[in-house]
There are 2 protein chains.
Amino acid sequence: MNFSSRLLQNAVAEFAKLPGIGQKTALRLVLHLLKQEKQDVEKFSSTVSKLRNEIQFCRVCLNISDQPVCEICTSHKRDHGLICVVEDTRDVMAIENTNQYNGVYHVLGGLISPMDGIGPSDLEVDSLVERLASNEVQEVVFALSATMEGDTTLFYLHKRLKNFDITISTIARGIAFGGELEYVDEITLGRSIATRVPYVSSMSK
Amino acid sequence: MNFSSRLLQNAVAEFAKLPGIGQKTALRLVLHLLKQEKQDVEKFSSTVSKLRNEIQFCRVCLNISDQPVCEICTSHKRDHGLICVVEDTRDVMAIENTNQYNGVYHVLGGLISPMDGIGPSDLEVDSLVERLASNEVQEVVFALSATMEGDTTLFYLHKRLKNFDITISTIARGIAFGGELEYVDEITLGRSIATRVPYVSSMSK
């Protein structure tokens with residue numbers, strides 16, 4: 001691109017480094033910012049800078065937090081004997097949004113992915129093992145993506161944890177609620193028949 | 001969304017203000033920034049802030065510039081008797097990329113759009129008229145989008161400029177190079193037949 005200004009070019013280059021944002025989108029975003037009030041742009045830039053400089057990771061569960069220990073880990077209403085192992089903070093948010101989970105979390109910070117050079121030592125595995133050694137934990141539930149990386153990580157973690165006297169579970173896999181059978185992929189459908197569960201009427205609750 | 005950190009929430013809110021970026025994309029971008037080195041994020045934030053505070057608009061053509069008068073307007077290789085009127089700096093970049101234009105520009109800063117409350121007084125029309133009064137200009141070529149707003153702006157500007165002793169032209173409209181006739185919309189095809197031009201073989205040049 002033929003920029004008329006180096007300042008513009010630099011800003012576009014910075015935005016284009018973000019994932020999923022190309023040169024054209026970056027230019028559109030930068031031109032939008034140029035049209036905003038100076039104090040609004042200052043707020044944008046200082047919020048980003050502040051985030052990176054002041055953010056903390058919870059000492060217990062490694063989730064993003066404003067305090068040394070996050071709100072979930074300090075809450076007395078939570079079941080600290082149940083740990084849900086997730087890939088990153090987005091998964092914590094997704095599970096929290098369901099309002100169906102009352103335990104605590106452990107954020108791995110990624111999944112084992114040999115293709116990307118990410119091994120077990122790059123993830124928060126040792127801190128998970130330490131937490132289990134504290135005896136308070138009764139169950140660990142894995143909520144990892146149903147991908148090759150998720151399954152690899154699950155397999156590895158299961159091996160690391162199997163000597164502990166705890167229940168190990170994973171979130172249920174099958175067809176989604178509202179999903180129509182004819183559009184479900186074969187593997188999911190096949191597995192959901194093979195791992196069929198007793199019918200419990202939701203009316204009878 | 002259920003944020004575990006207010007810093008995170010603020011940063012996501014700032015990104016979600018950008019056009020075409022929703023909450024989920026904003027979160028993805030912010031988490032990406034969190035994984036980067038502190039100095040890289042600082043560079044991102046300072047580049048944005050610097051852009052907004054130090055950017056200038058060329059005194060002559062109103063294009064984005066690092067100097068009071070932009071490189072195109074100060075260049076002696078350019079034909080200052082030919083002014084191309086465009087909506088914004090992206091159009092200048094697009095035309096510059098063609099390497100087919102040797103005149104100078106005038107950036108309107110928008111198009112007349114009653115629906116959005118943008119009238120002629122919000123655009124750089126008076127500064128264009130002033131430039132024409134300087135006698136140096138022989139031709140004004142309008143390179144505006146072929147939309148209702150573009151046509152309205154063209155109509156208005158033509159009325160404002162018709163008393164000047166200059167040639168007024170617009171960029172050619174018709175089917176695009178590489179375009180297949182059967183996929184061209186009816187209005188474009190109809191107009192391009194009505195406004196047919198003498199055939200000039202590009203081989204004979």
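Quick caveat, the model's predicted, so the values are computed rather than measured. In what follows, chains carry the letters A, B, and so on, assigned in the order in which the sequence lines appear, proteins first and then strands, with residues in each chain numbered from 1.
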- Task: May I ask you to name which of B/Leu27, B/Ile55, B/Val48, B/Leu51 has the most heavy-atom pairs under 4.5 Å with chain A?
- Result: B/Leu51

- Query: Should we say atom CD of A/Glu186 is surrounded by more than 12 heavy atoms from elsewhere, each under 6.0 Å from it?
  - Reply: no

- With chain A, the option among B/Thr89, B/Asp88, B/Thr47 that has the most non-hydrogen atom pairs under 4.5 Å is B/Thr47

- Portion of B/Ile72 that has a non-hydrogen atom of chain A nearer than 4.5 angstrom: neither

- Task: Please check if the side chain of A/Arg52 supplies one atom and the backbone of B/Gln36 the other of a donor-acceptor pair under 3.5 Å.
- Result: yes

- Item | Geometric class of the A/Phe15/B/Phe15 ring pair [parallel <30°, tilted 30-60°, perpendicular >60°] | perpendicular

- Check: A/Leu31 and B/Ile64 side chains under 4.5 Å, non-hydrogen atoms: yes

- Task: Give a yes or no on whether B/Arg59 atom CZ has more than 12 heavy-atom contacts from other residues, nucleotides or ligands under 6.0 Å away.
- Result: no

- Query: What part of A/Glu37 is in contact with chain B, defined as an atom under 4.5 angstrom from a non-hydrogen atom: side chain, backbone, both or neither?
  - Reply: backbone

- Near B/Lys35 NZ, under 6.0 Å, is it more than 12 heavy atoms from other residues, nucleotides or ligands? no

- In Å, rounded to the nearest 0.5 Å, how long is the span from OG of A/Ser46 to CD of B/Glu14? 7.5 Å

- Query: Can you tell me how far CD of A/Glu54 sits from CZ of B/Arg6, rounded to the nearest 0.5 angstrom?
  - Reply: 14.0 Å

- Query: B/Leu34, B/Leu18, B/Leu29: which one forms the most heavy-atom pairs within less than 4.5 Å of chain A?
  - Reply: B/Leu34

- Query: Does any heavy atom of chain B fall under 4.5 Å from the side chain of A/Asn63, the backbone, both, or neither of them?
  - Reply: side chain

- Within-4.5 Å side-chain heavy-atom neighbours: B/Arg28 and A/Arg90: yes

- Query: Within a reach of under 6.0 Å around CG of B/Asp165, are more than 12 heavy atoms found that belong to other residues, nucleotides or ligands?
  - Reply: no

- Task: Output the option from B/Asn10, B/Leu8, B/Val30, B/Val92 having the highest count of non-hydrogen pairs under 4.5 Å with chain A.
- Result: B/Leu8

- Could you tell me whether the side chain of A/Lys17 reaches within less than 4.5 Å of the side chain of B/Asp40, counting heavy atoms only? no

- Query: Any chance CZ of A/Arg191 has more than 12 other-residue heavy atoms, nucleotides or ligands included, within less than 6.0 Å?
  - Reply: no

- Item | Minimal non-hydrogen separation, A/Ser49 against B/Glu42, with atom names | OG-OE1, 3.2 Å

- Query: Out of A/Ala11, A/Ala94, A/Ser4, A/Ser65, which one racks up the most heavy-atom pairs below 4.5 Å with chain B?
  - Reply: A/Ser4

- Message: I'd like to verify something: which residue of B/Gln56, B/His32, B/Glu71 has the highest number of heavy-atom pairs under 4.5 Å with chain A?
- Response: B/His32

- Leading residue by heavy atom contact count with chain A [cutoff under 4.5 Å; candidates B/Pro19, B/Cys58, B/Ala13, B/Gly109]: B/Pro19

